[in-house]
Structure formats: C-alpha cells, structure tokens
Amino acid sequence: MNGAAFYKYLLPFFCLVIVCKFIWHYTLEDTWIFLAVAAEPFGSGFLYGATSVFWGLIAWVLGVAFDVYALQAIKLLSCLFAVLAAFVVLRTGRLVNELQPYGLSLFWCVFFVFPFFTWSVTGMDTALSMYWVAIVVFFYVSFITSNKKSYFYSAIVISSFSYGVRPELGWLSIFLIGYSFLLKRIDLRQALLCIFLSVLGAGLTLSVYKFFTGHLLPSSSVKVTSAGFVSVVSSIWLFVQISPFVLLGLVSVKNGCLRSINVFLLSLLGLRFVEQVVIGAIDHRSFSAMFPVLLLVLVINIPALQRFIGKLFFIAGFSLIGILGILNLQNVFWYSDRTENVHFVVQEEIETIESIKTIGTEEVGLLAYRYGTQNIYDYHGLIRNKLDELEGLDALIFTGDLMKDQALESGFALIKKVCFEHHPTIYVRSVGFSPKEYCKSIYLPAS
C-alpha cells in the first residue's frame, strides 16, 4: 500500500477507532428523544418531537431491527454518515486539486477533533445533515467545474428534500437557484424549471413531515428565541471557530474556477451563519451541517497556501487544532460524566418505585425512552404532552431548583437530589463555563 492510500484510508480508520474509543459513551438527551419517539407505534404523528423526520424514520427502523441495541446501532450509523461526508468532501476537492500527505493529515485532524464530528458520535441527526450537504455541494461544484446542467439539476432535486433532514436547511435549493441565476449560470427558463422541481420536492417533504410529526414546524421551534446575550456570545464563539476557514477562503481567492468555488462556499456559510444568529440559537449542533463546506474550503485552498507559507502553515494549523481538540474533548467528557452520574442515576432511582407511571420534567429523552412519550409531560413542550399543571403526576424531575416552589405548592415533596460535581470546562457545547455542580431534583407526592 502506497503512502497516499495510508493517509486517505488507514489514517482516518485509526483516528475513528481511537476517537470513538474515548468518547463512545458521549450520549445526549436528544439522542434518546429520537429513540423514544421512534419507539411509538408506527403511523400518523408517531414522530412528534423529532426535529429531523428522516433521522426519526431511520431511528424507527433501527429500533425495530436492533431493539435494545438501537442506541449502539444509531451511533454507529451516525459515525458512518460522518465519515462518508468526509470522503465526499475529498472527492469534491479532487475536482480542483489532489491533496498531498501533509494536507490529508491536516484534513483528518480537523475532521476528528472539531466539535462538529463529536456531535455525530452521540447518534443524533448531525451526521446525516453533514452527508446531505456534502452531496449537494459535490453536485454543485461539479456543475461549476464542468458546466453540465445535469449536475445542477441533481443538486436542486436533492436539496429540495433538505427540510426533512434539518429544517434549518429548507432554503438550500432556493439559494442554489437564486445564486446561479444572479451569476448567469442558468437562464430564466432553467431557473423556472428548477423552481418547479424545488417546490415539488419541498411539498413532498412537508407532506411527509406533517404526516409523521403532526405539524409543519418542528416542535423544537418553541425554544427558538430572538437573539439574546447568550446567543450573541454563542454566535461570536462559533465565528471564532470557523473564522480560520473563512480567512483561508478569502486570502486564497484568485481568478478562475477556484475563485468561483470559494465565493459559493463562503456565501453558503455566510447565509447559514446569519440564520443561526437570527433564530437566536445557543447550540452549534444545527450548524454542523455546514462542516463539509468548511472542510471543502480547507481542501481546495491548502495547496495554494502551502506554496506561499510552506510547513509553517501546517505547524500553525496543527497547533490550533490541538488546542481546539483539547477544549472539545474536555466538553465531551463533562457531558458524558454528567449523563452517567446524574441522568442514569435518576432513572435507576425512580425505577425502584413501582407506582411511578407519569412524570413531569424538562429533559425528556432518557425518561421518555424508558416510560414512553405518552407518560412524560414536558416543561418545554418538545414532545406530545405539554406540562401545563403538576397535579395528578406520579413524579417530578427537574434540574436544580427549577419549578421547586411550584412543586411544593402542588403537594409534592423533595425526596432526593442527585448531584454531579466536576471542575468547570472552558465551554459547554456552545458557550460559557460549565457549572461546577449539576443536580437533578426528584419530587414525589407528599403522603
């Protein structure tokens, strides 16, 4: 096996095994939400609470096929989609240039240590959205480099179904049409045909979304707010992480095909970033769909920049990646330890009480998977039952002192507080120091 094959295939395989070995236990509440809603009887509205209806259907298939091993199956499939997305990016980059060993090493290091990949290990829908965008970008860049309209039509058709992957990507096909028309890559007749294809695909996707979730907007939209202090700081932190890629694309722009691709990629990134800020997102997970775009900016511009900077570029690149990787892994370990020392412990506590059937809580994933979504009443309203009143429930479980006064006034008594203490990390998922102490309070009706 030659050196190129090692850097292209064996290196990512070894990295995948090593990274997953350390963070395989990294599972978040949203993963359990997918598995919980997918465990409901198949039919209209059974995926209520799944933001990605396509990933919800995949979770249902895995639940039927693997039963108690569905969590391991969905995590493996998520990692597979992430790695496939990376190879699609490399294939797209070959339309412009071929990476040498140094470049491939840097590419795989960026891929595995950035927070966007570690989201995939949790088993959520991030990797599917990454793969979806990678495929769309591949066809569009193929259109730029070859000017073959068949590639453009393929990109439009695939992107028209993006709402089912992540609702935040619902505008992708319209963006491609408008962008191409403004740059005169397509004429009016072709634009109208693409609009028809886009509306047809989007209409079908919305129909599927409405049938399986019971609504057109994701239930998680109840948590979307206007940009506040936390979301602004989170957006700044996100910009800091993606700014090296943006700068790389800007300084490497030159005449010809490379310039066209850079402008397209940066425009796509810019629009998605603006959307992230406008909806007031404090979580970077939904932005993971743009990770293939960031990677492609890196891939197509590494050779040009290396000629000017040489190995110094790679030394600086590996140093920055190492720092970010340490911060990211620290964040991953904090969340993993919290899940094992609080969420699992709370579940074990309440499972010893046979009288508990209905529970009110604000973190519904693991509990909904254990007791069924019909028995969980959600403070945020993400799943079917909204927590409007506390009376009549068998138990209440809230983070810290959330709803403490209301619980006591409604005749509940605090029976136990499960806490997890850990040194604060630099940031938690998005922004800010993690708390030193994280607790769950368990309330039962006072006898």
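Index from 1, following the sequence.
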| said: When you measure from the side chain of Gln347 to the backbone of Leu367, do you find a donor-acceptor pair of N or O atoms at a distance under 3.5 Å? | reply: no
Separation between CD (Glu349) and CD1 (Ile442), nearest 0.5 Å, reads 5.5 Å
Residues at least two apart in sequence or cross-chain that pass side-chain contact (heavy atoms from CB on, under 4.5 Å) with Phe66, listed by chain then number, are Leu62, Tyr69, Ala73
What one should report as the nearest heavy-atom pair of Gly49 and Ile33 is O-CG2, 3.7 Å
Self-check item: Residue Phe273 excluded, over 12 heavy atoms near CZ under 6.0 Å
Solution: yes
CG of Leu366 to NE2 of His343, rounded to nearest 0.5 Å, is 7.5 Å
**Prompt:** According to the interplanar angle, ranging from 0 to 90°, do the rings of Phe138 and Tyr151 count as parallel (below 30°), tilted (30 to 60°) or perpendicular (above 60°)?
**Reply:** perpendicular
Step by step, would you call Leu169 with Met290 a side chain to side chain contact (heavy atoms under 4.5 Å, CB included)? CA-CA 10 Å; Leu169 300 175; Met290 292 292 108; 3.9 Å; yes
Q. For the side chain of Ser243 and the backbone of Val240, is there at least one donor-acceptor N/O pair under 3.5 Å apart?
A. yes
message: Looking at Ile74, is its backbone amide N or carbonyl O close enough to the side chain of Ser78 to form a donor-acceptor pair, meaning the two atoms are under 3.5 Å apart?
response: no
**Asked** Ignoring hydrogens and geometry, is there a side-chain-to-backbone donor-acceptor pair from Asn385 to Gln374 under 3.5 Å?
**Response** yes
What verdict does the side chain to side chain contact (heavy atoms under 4.5 Å, CB included) test give for Ile174 and Ser198, after you've listed the backbone C-alpha separation in whole Å, the side-chain angles of each residue and the deciding distance to 0.1 Å? CA-CA 7 Å; Ile174 298 301; Ser198 178; 3.8 Å; yes
- On the 0 to 90° scale, with breaks at 30° and 60°, tag the Trp55-Phe81 ring pair as parallel, tilted or perpendicular. perpendicular
Here the gap from Leu176 atom CG to Ile156 atom CD1, rounded to the nearest 0.5 Å, amounts to 4.5 Å
Note to self: For Ser159 and Tyr140: C-alpha separation, side-chain torsions, deciding distance, then whether side chain to side chain contact (heavy atoms under 4.5 Å, CB included) applies.
What the structure shows: CA-CA 10 Å; Ser159 61; Tyr140 193 82; over 6 Å; no
Any side-chain heavy-atom pair of Cys79 and Val121 under 4.5 Å:
yes
I'd like to know whether the aromatic ring centres of Phe291 and Phe117 sit less than 6.0 Å apart in this structure.
no
Inset, instruction - Please tell me if the side chains of Leu172 and Leu268 come closer than 4.5 Å, counting only heavy atoms from C-beta onward. - result: yes
* Asked: Tell me, do Lys404 and Leu408 make a side-chain contact under 4.5 Å, heavy atoms counted?
  -> yes
The residue among Val96, Val133, Val89 that forms side-chain contact (heavy atoms from CB on, under 4.5 Å) with Leu296 is Val89
task: May I have the step-by-step check of side chain to side chain contact (heavy atoms under 4.5 Å, CB included) for Tyr48 and His215, ending in yes or no?
output: CA-CA 8 Å; Tyr48 190 105; His215 43 72; 3.3 Å; yes
| query | With a 4.5 Å limit on heavy-atom distance, are the side chains of Phe420 and Trp334 in contact? | reply | yes
Going by distance alone, is a donor N or O of one side chain under 3.5 Å from an acceptor N or O of the other, for Ser288 and Thr126?
no
TODO: Look at atom NZ of Lys386 and say whether more than 12 heavy atoms of other residues, nucleotides or ligands are closer to it than 6.0 Å.
DONE: yes
State, yes or no, whether a side-chain contact exists between Asp30 and Asp125 at a heavy-atom distance under 4.5 Å.
no
Nearest heavy-atom contact between Tyr131 and Val88 is CE1-CG2, 4.0 Å
task: For residues Asp394 and Ile353, determine if any side-chain heavy atom of one lies less than 4.5 Å from a side-chain heavy atom of the other.
output: no
Task: Check: Val137 and Leu265 side chains under 4.5 Å, non-hydrogen atoms - done: yes
_Pair Glu363 + Lys440, salt bridge at N-O below 4.0 Å_ = yes
*Close aromatic pair by centroid cut-off 6.0 Å: Trp132 and Phe139*: no
In short, Leu269 meets Val293 closest at the heavy-atom pair CG-CG1, 3.6 Å
Do Trp108 and Phe111 have their ring centres less than 6.0 Å from each other?
yes
Requested in this report: Please work out whether the ring planes of Phe344 and Trp32 are parallel, tilted or perpendicular, with thresholds of 30° and 60°.
Outcome: perpendicular
**Message:** Checking the side chain of Thr361 only, and the main-chain atoms of Ile397 only, is there a donor and an acceptor separated by less than 3.5 Å?
**Reply:** yes
Interatomic distance, CZ@Phe212 vs CG@Leu47, rounded to 0.5 Å, equals 7.0 Å
Specify whether Phe116 and Phe287 have parallel, tilted or perpendicular ring planes, treating 30° as the upper limit for parallel and 60° as the lower limit for perpendicular.
tilted
Taken in chain and number order and not counting sequence neighbours, the residues that satisfy side-chain contact (heavy atoms from CB on, under 4.5 Å) with Ala395 are Ile356, Ile359, Leu444
Between the OH atom in Tyr371 and the CD atom in Glu351, the distance rounded to the nearest 0.5 Å is 5.5 Å
Applying side-chain contact (heavy atoms from CB on, under 4.5 Å) to Glu391 and not counting sequence neighbours gives Glu389, Ser410
Original post:
Please walk me through it: do Phe34 and Tyr369 pass ring pair (Phe, Tyr, Trp, His ring centres under 6.0 Å)?
Top reply: CA-CA 9 Å; Phe34 277 110; Tyr369 183 70; over 10 Å; no
For Ser441 and Gly400, the nearest pair of non-hydrogen atoms, with its separation, is OG-O, 2.6 Å
Nearest heavy-atom approach of Leu266 to Gly249 is CD1-C, 4.1 Å
OG (Ser142) and CZ (Arg91) are apart, to the nearest 0.5 Å, by 7.0 Å
Note: Tyr209 and Ala50 closest approach over all heavy atoms is OH-O, 3.6 Å
Are Phe114 and Phe245 an aromatic pair, judged by ring center distance below 6.0 Å? yes
Check: Can you find a heavy atom in the side chain of Met124 that is under 4.5 Å from one in the side chain of Ser129?
Finding: no
Task: Within 6.0 angstrom of Lys417 NZ, more than 12 heavy atoms from elsewhere - done: yes
Will you find, in the side chains of Thr27 and Lys75, an N or O donor that is under 3.5 Å from an N or O acceptor? yes
